[in-house]
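Below is one structure; the comments refer to it alone.
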Amino acid sequence: MKKTGMKHLAAALCALMACTALNGCSTAPKEPADQPSNTEFDVTDSAEVVIVGGGGTGISAALTAVEEGAESVILVEKLPELGGFMRMKTGQFSAANTTLQKEQGLTEDSVERYTEEILKFGNSNGGHPIEYLVESYAKNATEAWEWIYQMGVKDYPFMTDSEGNKVIVNPGHMPYEYNRTYVPLPKEDSKLGNPAIEVMLNELAKKDQIRVYTSVAGTRLITNEKGQVCGAEGIGTDGRTYQFQSQRGVIMSTGGYAANPKLFEAYSTDLQNLISAALSSDDGYGLRMMQEVGAGITEEAMGWIETYPKGMINEGSTTQGVNGSTGTYYTGGILVNLDGKRFINECAWDDEVRNAGLKAQPESYMFEIFTDKILEDTQGTLRGAYDLFKEGGIYRSRLVEADSLEALAEKLQIPADALVKTVEDYNAAVEAGVPDEFGREFEVKPNENRVEAVNKIEGDHYYALKLQPIVLSSRGGICVNENNQVVTDEGTVIPGLYAGGEVVGQMWGKTIAPGVGMNGAVTWGRITGRNIMTLPLAEGYEVKPAANMFDLSLFEKTENKTEGQDFKDLTDGEYEGAAQGMNAEVKVKVTVEKGLISKIEIVEHQESEGISDPAIEQMPTRIIEAQSSKVDAVTNATMTSNAICHAVENALQ
């Protein structure tokens, strides 16, 4: 497995001796009751701090620990590259009293006002956030944002509003009452879509104190006779075993469980056709690791599943998809269900209105219905996605097209008469110009409603996009105190164990406020990295498993096989095909010689650098060797693997 920044062997041995002397770390730690002892490892290493999970929280925690004086930090990541979900794309950040706000003349914000608004979001829709965690976040969020801003994010372009302002009204969710949302964008030469991750990785590369292990999944925590967590064990994708020992303890930043439908289903049974856009590494096993040493979980919040009404399922998958929409309902489009009927105010400010409405529809499916004019009017809008769905756009193939509403309905397999009447009634409401039965307005009111343009649904060509509920993140998780120290159900601190980021449960409530997901990752990294270096390490905790540990069956992996097809008696030549990957279409060129596939080239893709690399490198060889697409997908790159298989199939049709 890849390791970087390794110091000389003598230094590592000294660190190991120091760990044993100062903290009583043992190569034969106290074992959870259900796990056998493993005293021999292929790789052993030690440091002052061990961090399991190399996303935004883990990276910022490592950098902060070094700022606080750590001479050695081990950062362990399950995926082939650091960055986690933040690596996938840019996103919204928020914080109060920032440099950007002051430059724009926004001087009336405050931590207290920010806190109140986050709690308002969290308490909506039946949720209730953990107030001391929200307060801790809000107090530290400005420093965290300014930290990455000054680290280099300030030199990147930003999304701006119509007046060129970088501090904008949130384009994706309910807005704050005061402008405090910032969306940094990649440069033309950026290798990553998220400037925050790019600048932090650049900074991390300068730190010899930080040693990075990738493609290593954490398996269990190490404890000692003093009841302290003093390290972690792991296993690499190549089967090698690892033991990492720590003088000061372990920070768990392993993310949530948004990619584990078994855990969702264990706590909620009212979901239909739910798909996920989370990384495959977000399986929740980090929670189980902490439960093994007694950590409590936020039971109620485990059932809070915040979905989004924008799930576009990936080709060949029943569980994975992309969070996306044309945004055409803001320029005149409508949403209809399988009965061909509208059911919601499509332009409502709160996404939860559309979300709740979608989940209540038959089979939880809906269609965006629009025309060329309506799609064209999304150009230049904050919520539109014209470039993605226009002719030649990466999602164009997802649209269903027809020259009449009746033909469109037939393709969608919904009642034609119902769809025609729905459109007629809608067009009549547009002509009337007054709010319709769902409260939808037909007037552009900047910052008062989300109407970007007013159009009837009429013309020579009609389009539809099928959507279903999609989950991006989880709400339940581990229990921590105000210092982000992991605690038992009774509130007892587990010495040496910290947790930050999505792995912590209930902190945001049921509905997350704009920008706290991205900036929260950085902020919790700063908090945990600082606290593990400055807070005293207690003794005397009795290590024992939590009473309500997740059953191991919830983490059993299904076989990573694609359905696929065998390729026989092919006609010689070169063929091109494409299929939807994680971020966009993956395009391939397939060469056939003497009736067999002799070469597969990945000619174009926009998959996440690092995470998708193993699939890009290995899948063509696997398919050629098997002369079949019925091959194993590459671990932790399933979506890209399947996209390559489907692209080859499409090329050879």
Verdict with supporting geometry, Ser190 and Glu198, side-chain hydrogen bond (donor to acceptor under 3.5 Å, both in side chains): CA-CA 8 Å; Ser190 289; Glu198 193 159 61; 3.1 Å; yes

So Phe389 and Tyr395, would you call those rings parallel, tilted or perpendicular, with 30° and 60° as cut-offs? tilted

For Tyr365, what residues pass the ring pair (Phe, Tyr, Trp, His ring centres under 6.0 Å) criterion, not counting sequence neighbours? none

Checking side-chain hydrogen bond (donor to acceptor under 3.5 Å, both in side chains) for the pair Ser474/Glu502: CA distance, chi angles, key distance, verdict? CA-CA 7 Å; Ser474 48; Glu502 194 180 335; 3.0 Å; yes

Taking Gly509's backbone N and O only, do any of them form a donor-acceptor pair with Asn123's side chain (distance below 3.5 Å, no angle check)? no

Please determine whether side-chain hydrogen bond (donor to acceptor under 3.5 Å, both in side chains) holds for the pair Tyr426 and Arg440, giving the CA-CA distance in whole Å, both sets of side-chain angles, and the decisive distance to 0.1 Å. CA-CA 10 Å; Tyr426 172 77; Arg440 177 165 175 167; 3.1 Å; yes

Within a strict 4.5 Å, meaning less than it, do heavy atoms of the Met366 and Val336 side chains meet? no

Classify the side-chain pair Thr99/Glu146 by whether it contains a donor and acceptor separated by less than 3.5 Å. yes

When you check the side-chain N and O atoms of Asn449 and Glu441, is any donor under 3.5 Å from an acceptor? yes

Flag the pair Thr371 / Asn455 as yes when at least one side-chain heavy-atom distance between them is below 4.5 Å, and no otherwise. no

What residues, two or more places apart in sequence or in another chain, satisfy salt bridge (Lys or Arg N to Asp or Glu O under 4.0 Å) together with Arg475? Glu306

Check: Trp508 ring centroid to Tyr137 ring centroid under 6.0 Å: yes

Pair Glu117 + Arg180: basic N to acidic O under 4.0 Å: yes

So that I know where these two stand, are Phe370 and Tyr330 an aromatic pair - ring centroids less than 6.0 Å apart? no

Please confirm whether Phe438 and Phe343 have ring centers closer than 6.0 angstrom. no

Between Ser94 and Tyr182, is any side-chain donor less than 3.5 angstrom from a side-chain acceptor? no

Is it possible for you to check whether Lys466 lies under 6.0 Å from the centre of the six-membered ring of Phe367, through NZ or CZ, and within 45° of that ring's axis? no

Verdict with reasoning, Glu135 to Lys139, per salt bridge (charged side-chain N to carboxylate O under 4.0 Å, His left out): CA-CA 6 Å; Glu135 291 170 357; Lys139 289 177 182 177; 5.2 Å; no

Phe264 and Tyr257: aromatic ring centres closer than 6.0 Å? yes

For Asp436, enumerate each residue passing the salt bridge (Lys or Arg N to Asp or Glu O under 4.0 Å) test, keeping only those at least two apart in sequence or located in another chain. Arg342

Could you check whether atom CD of Glu131 has more than 12 heavy atoms from other residues, nucleotides or ligands sitting under 6.0 Å from it? no

Below 4.5 Å, heavy atoms only, C-beta onward: do Ile51 and Val76 meet side chain to side chain? no

Under 3.5 Å, is there a donor-acceptor pair linking the side chains of Glu607 and Thr640? yes

We want to know whether Glu585 and His605 form a side-chain donor-acceptor pair, criterion being a heavy-atom distance below 3.5 angstrom. no

Can you tell me if Thr298 uses its side chain to pair, donor with acceptor, with the backbone of Ala301 under 3.5 Å? no

With no hydrogens and no angle check, just 3.5 Å: does a side-chain donor-acceptor pair link Thr326 and Glu368? yes

Do we see a donor-acceptor contact under 3.5 Å between the side chains of Glu203 and Trp147? no

